[in-house]
Amino acid sequence: MTLEFIGLVGAQESSESLAAHGPTVDVPFIKAFSHAQEYAGFDKVLLAVNTRAPDSMIIASYVAAFTEKLGLLVAHRPGFQAPTFAARQFATLDQLSQGRAAINVITGGDSGDLQRDGDFLSKDERYARTGEYLDIMKLTWESRTPFRYDGKFYQVEDNLTEVKPWQQPRVPVYFSGASEAAIDIAARHADVYMMWGEPLEQVKARIEQVRAAAKKYGRDKHIRFSLSLRPILGDSDEQAWARANRLLRDAQANIGGKAIQPDSNTGSQRLYQLATARKVYDSCLWTEIAALSGAAGNSTALVGSADTVADAALEYYKLGITTFLFRGFDQLRDATDYGQHLLPRIRERVKALAAAAA
């Protein structure tokens, strides 16, 4: 199974434990952070989406211009532009970057954030719209003759787009969402299904659920799985846990000392329940910052020495996780540490596992 590592590039340095500083679009930081992760051996970086943040597609285009091999996983919300137009944007980015573009489809998330951009559809309606949106994007990328599409949300007539992706037949689709509606769309469309860092038991169950849904569409052998985590490393387990506690205190001060309540989306609700039930799961999955921040995204951590964290990652790999999205609370420092100490250890363990099974 192919092993893939994804990082993150934001327009400004910040985290739960670090208040944002510098300009909203911090060009030196974007360059330094991108170069650090390319040098560290990450395969891709996520460019996230939020109504308060700079545009992810434009930042991705900028990052593509000064990197050589770093993949660009661009978060994208269906429904705010025509799917044919979005397909041309992604195909153009893929051409300019010579095959480095991928799309991270974000349908749910904070409903208040969606409404700030004028989207008031219900969750089920949003996912139904996303299904049509991805149908049309794929047709735009792959069709060699004009096509039409007649759906509930979109109608397209006589479309033939000249710009096609560098990657054939199309740009890879990464997809997340924990509700039944989300899993059905993932089963139909996702190349990679993305999850937040939950305990092994829950991750195993979700993989089985998504594979069972994908089997209905004959895609259970075609879908891969990604897990998002926030590794906290130390020279020893004791040093790593001491650092985790310092980060928690910083996050409490940064957030204001009062825990944030979770949003209504299924993923946040699931993770928040786990985070408030226990502080540590399995060998080293730590949930306290997830509980503090309302489980608003990728907020659980693997805590320990690089060997301890690599061992924990290998257990997820054995379940079927082949992509890991790692980002730190101290972003530049952690990206460098991951490249020096963590990613090589995980690769070594996966290679040894494959050799033992051969």
Please report the closest heavy-atom contact between [X] and [Y], naming both atoms and the distance.
X	Y	value
Gly297	Leu271	O-CD2, 3.8 Å
Asn104	Ser176	OD1-OG, 4.5 Å
Arg170	Trp141	CB-CE3, 3.6 Å
Asp124	Ala181	OD1-CB, 3.6 Å
Leu332	Ala36	CD2-CB, 4.2 Å
Ala240	Leu233	CB-C, 3.9 Å

Are the side chains of [Y] and [X] in contact, using a 4.5 Å heavy-atom criterion?
X	Y	result
Thr322	Glu4	no
Thr145	Leu160	no
Glu38	Glu68	yes
Tyr316	Leu200	yes
Leu229	Thr300	yes
Asp334	Pro231	no
His76	Tyr174	no
Leu73	Ile103	no

ILVMFWY cluster, [X] and [Y] together (side-chain gap under 4.5 Å):
X	Y	answer
Leu8	Phe324	no
Phe42	Tyr39	no
Leu353	Leu319	yes
Met194	Leu46	yes
Leu325	Val203	no

Got a second to check how far [X]'s [atom1] is from [Y]'s [atom2], nearest 0.5 Å?
X	Y	atom1	atom2	value
His189	Arg219	NE2	CZ	8.5 Å
Ile185	Tyr133	CD1	OH	14.0 Å
Lys44	Leu72	NZ	CG	9.5 Å
Met137	Glu132	CE	CD	14.5 Å
Thr308	Leu342	OG1	CG	11.0 Å
Ile207	Leu227	CD1	CG	8.0 Å

Does the side-chain hydrogen bond (donor to acceptor under 3.5 Å, both in side chains) test come out yes or no for Arg100 and Thr67, once each step is laid out?
CA-CA 10 Å; Arg100 291 189 277 149; Thr67 55; 2.8 Å; yes
Counting distance only, does the side-chain N/O of [X] pair as donor-acceptor with the main-chain N or O of [Y] below 3.5 Å?
X	Y	answer
Ser56	Ala75	yes
Arg144	Glu142	yes
Asp282	Cys284	no
Lys69	Asp43	no
Gln98	Trp166	no
Thr84	Ile136	no
Asp191	Val173	yes
Arg345	His341	yes
Ser228	Trp196	no
Asp220	Ala214	no

Any side-chain donor near an acceptor of the partner, [X] and [Y], under 3.5 Å:
X	Y	value
Asp135	Tyr149	yes
Asp26	His21	no
Thr266	Lys123	yes
Thr161	Asn159	yes
Trp286	Glu288	yes
Gln81	Gln89	yes
Gln209	Glu180	yes
Tyr317	Arg349	no
Ser15	Arg230	no

Stepwise salt bridge (charged side-chain N to carboxylate O under 4.0 Å, His left out) test for Lys204 and Glu208
CA-CA 6 Å; Lys204 181 176 183 291; Glu208 291 172 350; 2.7 Å; yes
Six-ring centre of Tyr281, Arg278 cation under 6.0 angstrom, axis tolerance 45°
yes
Determine whether Arg333 and Asp337 satisfy the following criterion, salt bridge (charged side-chain N to carboxylate O under 4.0 Å, His left out), listing intermediate values before the conclusion.
CA-CA 6 Å; Arg333 165 192 166 172; Asp337 282 351; 3.7 Å; yes
Any chance CD of Glu201 has more than 12 other-residue heavy atoms, nucleotides or ligands included, within less than 6.0 Å?
no
Hey, mind stepping through Arg243 and Asp330 against salt bridge (charged side-chain N to carboxylate O under 4.0 Å, His left out) and telling me if it holds?
CA-CA 11 Å; Arg243 183 179 171 219; Asp330 296 319; 3.0 Å; yes
In terms of side-chain geometry, is the basic nitrogen of Glu198 or Arg270 positioned less than 4.0 Å from the acidic oxygen of its partner?
yes
With a 4.0 Å cut-off, would you call Lys318 and Glu315 a salt bridge?
yes
Let's go through Ser61 and Leu93 carefully: what are the C-alpha distance in whole Å and the side-chain angles of both, what is the deciding distance for side chain to side chain contact (heavy atoms under 4.5 Å, CB included) to 0.1 Å, and is it a yes or a no?
CA-CA 7 Å; Ser61 300; Leu93 178 65; 3.8 Å; yes
Stepwise side chain to side chain contact (heavy atoms under 4.5 Å, CB included) check, Ile232 with Phe329:
CA-CA 8 Å; Ile232 299 173; Phe329 293 97; 3.8 Å; yes
Look at the aromatic rings of Tyr127 and Phe175 and report parallel, tilted or perpendicular, splitting at 30° and 60°.
tilted
Criterion side-chain hydrogen bond (donor to acceptor under 3.5 Å, both in side chains) on Arg327 and Tyr338, from CA distance to verdict:
CA-CA 9 Å; Arg327 66 184 180 99; Tyr338 297 160; over 6 Å; no
